[in-house]
Enquirer: 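Below you will find the structure I want to go over with you.
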Amino acid sequence: MIEIPSGTLLMGSDEFYPEEGPVHEREIAAFVMDEHPVTNEDFARFVSETGYVTVAERPLDPVEFPDADPESLVPGALVFTPTAGPVDLNDWRQWWRWQPGAHWRAPAGVGSTIEDRMRHPVVHVAYEDAAAYARWAGKRLPTESEWEWAARGGLVGRRYAWGDEPRVGGRLMADTWQGAFPYRNEGADGWVGTAPVGSFRANGYGLFDMIGNVWEWTSDEWTPRHVIPGTRGVDAGGRANLLLGAGTSFATEPRRVLKGGSHLCAPEYCLRYRPAARTSQTEDSATTHIGFRCVR
């Protein structure tokens, strides 16, 4: 784990998406953070020692899906599938599919494996799964402000974790979508999908993959805008699913803040591979681009 110093975070951004504002200061106490996202190797050790079964491996509850065919309520998860060509980017269902049998050990479904991907970030972990791993490890999930402070690596008010330009000297700085989303991915330095942790340069604090590779869970509940400490809270009744398509209300579903962007982030669709960027996701979601890391 890496020691992260205390300091004053200039949190958020007014340049990009509305949910990133308002920009304000947060005082951050010192903490330590995992050097990189939890890997398949790490998660396999946790499962081996505890027998833990992830949310994606559990059958769906018929009570929660009263109109569904009981035979279809089988374990599974959302798997990204490239389209054949350009599509309407307002309809995320064109590139996400529900895949029975998909889970952390079989990320693309039955027959897929992680045997050659043990140093890749674990995916298909719901919030409950990430929190369970953190407790087992004697750690916890980071708050949103801790995560953003750590991702900035000592830089104040910069767009990216490394400065204000998306590349440094022409060099790609994170595992993000290269090409035309969602049908042509030319690969991030050879990696299509997740990359082994540490494949890209560390930030100013020595942390790897704070940007790109996989979205990371934080412990904060989602609000449509930042709630400045000491001010009145924001009514969350208008929460929007900003990760899987804006405009849908999920007021009754518990949602958490995700940070960092992923290998699916592309400037024409999801320019969220920045420290200030944030999005929401339901706690029971498990997909091929969500992972986590821990703090203490």
Enquirer: State the CG-CZ distance between Asn40 and Arg45, to the nearest 0.5 angstrom.
Expert: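 Going from CG on Asn40 over to CZ on Arg45, the span is 11.5 Å.
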Enquirer: Considering residues at least two apart in sequence or located in another chain, which fulfil the salt bridge (charged side-chain N to carboxylate O under 4.0 Å, His left out) criterion with Asp34?
Expert: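 Per chain and number, Asp34 pairs via salt bridge (charged side-chain N to carboxylate O under 4.0 Å, His left out) with Lys139.
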Enquirer: Using the salt bridge (charged side-chain N to carboxylate O under 4.0 Å, His left out) criterion, which residues pair with Glu165? Sequence neighbours excluded.
Expert: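 In terms of salt bridge (charged side-chain N to carboxylate O under 4.0 Å, His left out), with neighbours along the sequence ignored, Glu165 is linked to no residue.
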Enquirer: Check this for me: does any side-chain nitrogen of one of Glu283 and Arg255 sit under 4.0 Å from a carboxylate oxygen of the other?
Expert: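 Looking at Arg255 together with Glu283, the answer is no, because their closest N to O distance does not fall below 4.0 Å.
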Enquirer: Would Ser199 and Asp189 satisfy side-chain contact (heavy atoms from CB on, under 4.5 Å), going step by step from the backbone distance to the final call?
Expert: CA-CA 9 Å; Ser199 295; Asp189 285 356; over 6 Å; no
Enquirer: Under 6.0 Å between ring centres: does that hold for Trp177 and His289?
Expert: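 When the ring centroids of Trp177 and His289 are compared, they turn out to be at least 6.0 Å apart.
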Enquirer: Would you name the heavy atoms of Asp175 and Gly193 that are closest together and state the gap between them?
Expert: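 Here Asp175 and Gly193 meet closest at OD2-O, 2.8 Å.
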Enquirer: With the threshold set at 4.0 Å, does a side-chain nitrogen-carboxylate oxygen contact exist between Arg140 and Glu146?
Expert: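 Counted as a salt bridge, because a side-chain N and a carboxylate O are separated by less than 4.0 Å.
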Enquirer: If you count heavy atoms of other groups shown closer than 6.0 angstrom to CD of Glu49, is the number above 12?
Expert: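 Buried by this count: over 12 neighbours within 6.0 Å.
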Enquirer: For the rings on Trp215 and Tyr273, is their centre-to-centre separation under 6.0 Å?
Expert: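 Distance test on ring centres: not under 6.0 Å, no.
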Enquirer: Output, in order, the C-alpha distance, side-chain angles, deciding distance and verdict of side-chain contact (heavy atoms from CB on, under 4.5 Å) for Met173 and Arg201.
Expert: CA-CA 6 Å; Met173 300 300 290; Arg201 187 182 302 179; 4.0 Å; yes
Enquirer: So does Pro5 get a backbone contact from the side chain of Trp149, meaning a donor-acceptor N/O pair under 3.5 Å?
Expert: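 Pair found, side chain donor or acceptor close to backbone of Pro5.
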Enquirer: Okay, side chain of Glu148, backbone of Gly12: is any donor-acceptor separation there less than 3.5 Å?
Expert: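 The answer is yes, because a donor-acceptor pair under 3.5 Å joins these two groups.
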Enquirer: Between Arg274 and Glu20 (salt bridge meaning N to carboxylate O under 4.0 Å), is one present in this structure?
Expert: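 Judged by the 4.0 Å cut-off on N to carboxylate O distance, Arg274 and Glu20 do form a salt bridge.
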Enquirer: With sequence neighbours excluded, tell me which residues meet side chain to side chain donor-acceptor pair (under 3.5 Å) with Thr8.
Expert: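 Applying side chain to side chain donor-acceptor pair (under 3.5 Å) to Thr8 gives Glu27.
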Enquirer: Output every pair passing salt bridge (charged side-chain N to carboxylate O under 4.0 Å, His left out) with a member in residues 72-84, not counting sequence neighbours, ordered by first then second residue.
Expert: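 Checked against salt bridge (charged side-chain N to carboxylate O under 4.0 Å, His left out) - neighbours excluded - no pair reaches residues 72-84.
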Enquirer: Using the test ring-ring contact (aromatic ring centres under 6.0 Å, His included), find all partners of Tyr52 that sit at least two apart in sequence or belong to another chain.
Expert: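 Result, ring-ring contact (aromatic ring centres under 6.0 Å, His included) vs Tyr52: Phe46.
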Enquirer: Under 6.0 Å between ring centres, would you say that holds for His120 and Trp191?
Expert: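 When the ring centroids of His120 and Trp191 are compared, they turn out to be within the sub-6.0 Å range.
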Enquirer: Give a yes or no answer on whether the side chain of Asp129 reaches the backbone of Val55 with a donor-acceptor pair at less than 3.5 Å.
Expert: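 Here the side-chain-to-backbone pair exists.
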Enquirer: Indicate yes or no for a side-chain donor-acceptor contact from Asn185 to the backbone of Val192 under 3.5 Å, with no hydrogens or angles considered.
Expert: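 Absent.
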Enquirer: Please round to the nearest 0.5 Å and tell me the distance separating atom CZ of Arg167 and atom OH of Tyr160.
Expert: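 Output value for this atom pair is 11.0 Å.
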Enquirer: Can you name the residues that form a side-chain contact (heavy atoms from CB on, under 4.5 Å) with Leu155, not counting sequence neighbours?
Expert: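 Applying side-chain contact (heavy atoms from CB on, under 4.5 Å) to Leu155 gives Arg158.
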Enquirer: Tell me, with the steps shown, if Met33 and Leu207 meet side-chain contact (heavy atoms from CB on, under 4.5 Å).
Expert: CA-CA 8 Å; Met33 188 177 221; Leu207 298 166; 3.9 Å; yes
Enquirer: About how many Å separate CD of Glu216 and CD1 of Ile211, when rounded to the nearest 0.5 Å?
Expert: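 Between Ile211 CD1 and Glu216 CD, I get 9.0 Å after rounding to 0.5 Å.
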Enquirer: Tell me whether His124 contacts the main-chain N or O of Pro107 through its side chain, where contact means a donor paired with an acceptor under 3.5 Å.
Expert: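 Judged by distance alone, yes, a pair lies under 3.5 Å.
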Enquirer: Any donor and acceptor pair, going by atom type alone, linking the side chain of Asp220 with main-chain N or O of Val257 inside 3.5 Å?
Expert: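 No, Asp220 side chain to Val257 backbone: no donor-acceptor pair under 3.5 Å.
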Enquirer: Is Asp209 reaching over with its side chain to a backbone N or O of Gly198, donor-acceptor style, under 3.5 angstrom?
Expert: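 Pair found, side chain donor or acceptor close to backbone of Gly198.
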Enquirer: CD of Glu41 to CD1 of Ile114: how many Å apart, nearest 0.5 Å?
Expert: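 The distance works out to 10.0 Å.
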Enquirer: Under the side-chain contact (heavy atoms from CB on, under 4.5 Å) criterion, do Thr113 and Arg105 qualify, and how do the steps go?
Expert: CA-CA 6 Å; Thr113 181; Arg105 279 178 292 209; over 6 Å; no
Enquirer: Roughly how far apart are Asp61 CG and Leu73 CG, rounded to 0.5 Å?
Expert: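 Rounded to the nearest 0.5 Å, the CG-CG separation comes out at 8.5 Å.
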Enquirer: For the pair Asn203 (side chain) and Ala150 (backbone), establish whether a donor and an acceptor sit closer than 3.5 Å, ignoring hydrogens and angles.
Expert: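 Here the side-chain-to-backbone pair exists.
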Enquirer: So, Phe43 versus Trp136, ring centres under 6.0 angstrom or not?
Expert: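 Between Trp136 and Phe43, which both carry aromatic rings, the centre distance is not below 6.0 Å.
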Enquirer: Knowing that exactly one of Trp147, Trp222, Tyr127 qualifies, which makes a ring-ring contact (aromatic ring centres under 6.0 Å, His included) with Trp217?
Expert: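 The ring-ring contact (aromatic ring centres under 6.0 Å, His included) with Trp217 is passed solely by Tyr127 among Trp147, Trp222, Tyr127.
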Enquirer: Regarding Thr176 and Gln178, do their side chains bring together a donor and an acceptor under 3.5 Å, going by distance alone?
Expert: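 Judged by distance alone, the side chains do pair up.
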Enquirer: Kindly say whether the aromatic ring centers of Phe181 and Trp95 come within a distance under 6.0 Å.
Expert: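 Yes, they do, as the ring centres are separated by less than 6.0 Å.
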Enquirer: Please give me the minimum heavy-atom distance between Val53 and Glu57, naming the atom from each residue.
Expert: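 Val53 and Glu57 have their closest heavy atoms at CG1-CB, 3.6 Å.
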Enquirer: Testing Arg272, His226, Arg278 for side chain to side chain donor-acceptor pair (under 3.5 Å) with Glu19, which one passes?
Expert: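 It is Arg272; the other options fail the test.
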Enquirer: Test your reading of the model: is there a side-chain donor-acceptor pair from Lys259 to the backbone of Thr218, 3.5 Å cut-off?
Expert: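 Between the backbone of Thr218 and the side chain of Lys259 there is no qualifying donor-acceptor contact (under 3.5 Å).
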Enquirer: Can you tell me how far apart CE (Met11) and CZ (Arg26) are? Round to the nearest 0.5 Å.
Expert: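 These two atoms lie 4.5 Å from each other.
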Enquirer: Does Glu3 CD have over 12 foreign heavy atoms under 6.0 Å away?
Expert: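 Not more than 12 within 6.0 Å, no.
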Enquirer: Which is it for Ser280 and Arg256 under the side chain to side chain donor-acceptor pair (under 3.5 Å) test, yes or no, and what are the steps along the way?
Expert: CA-CA 6 Å; Ser280 72; Arg256 301 280 172 168; over 6 Å; no
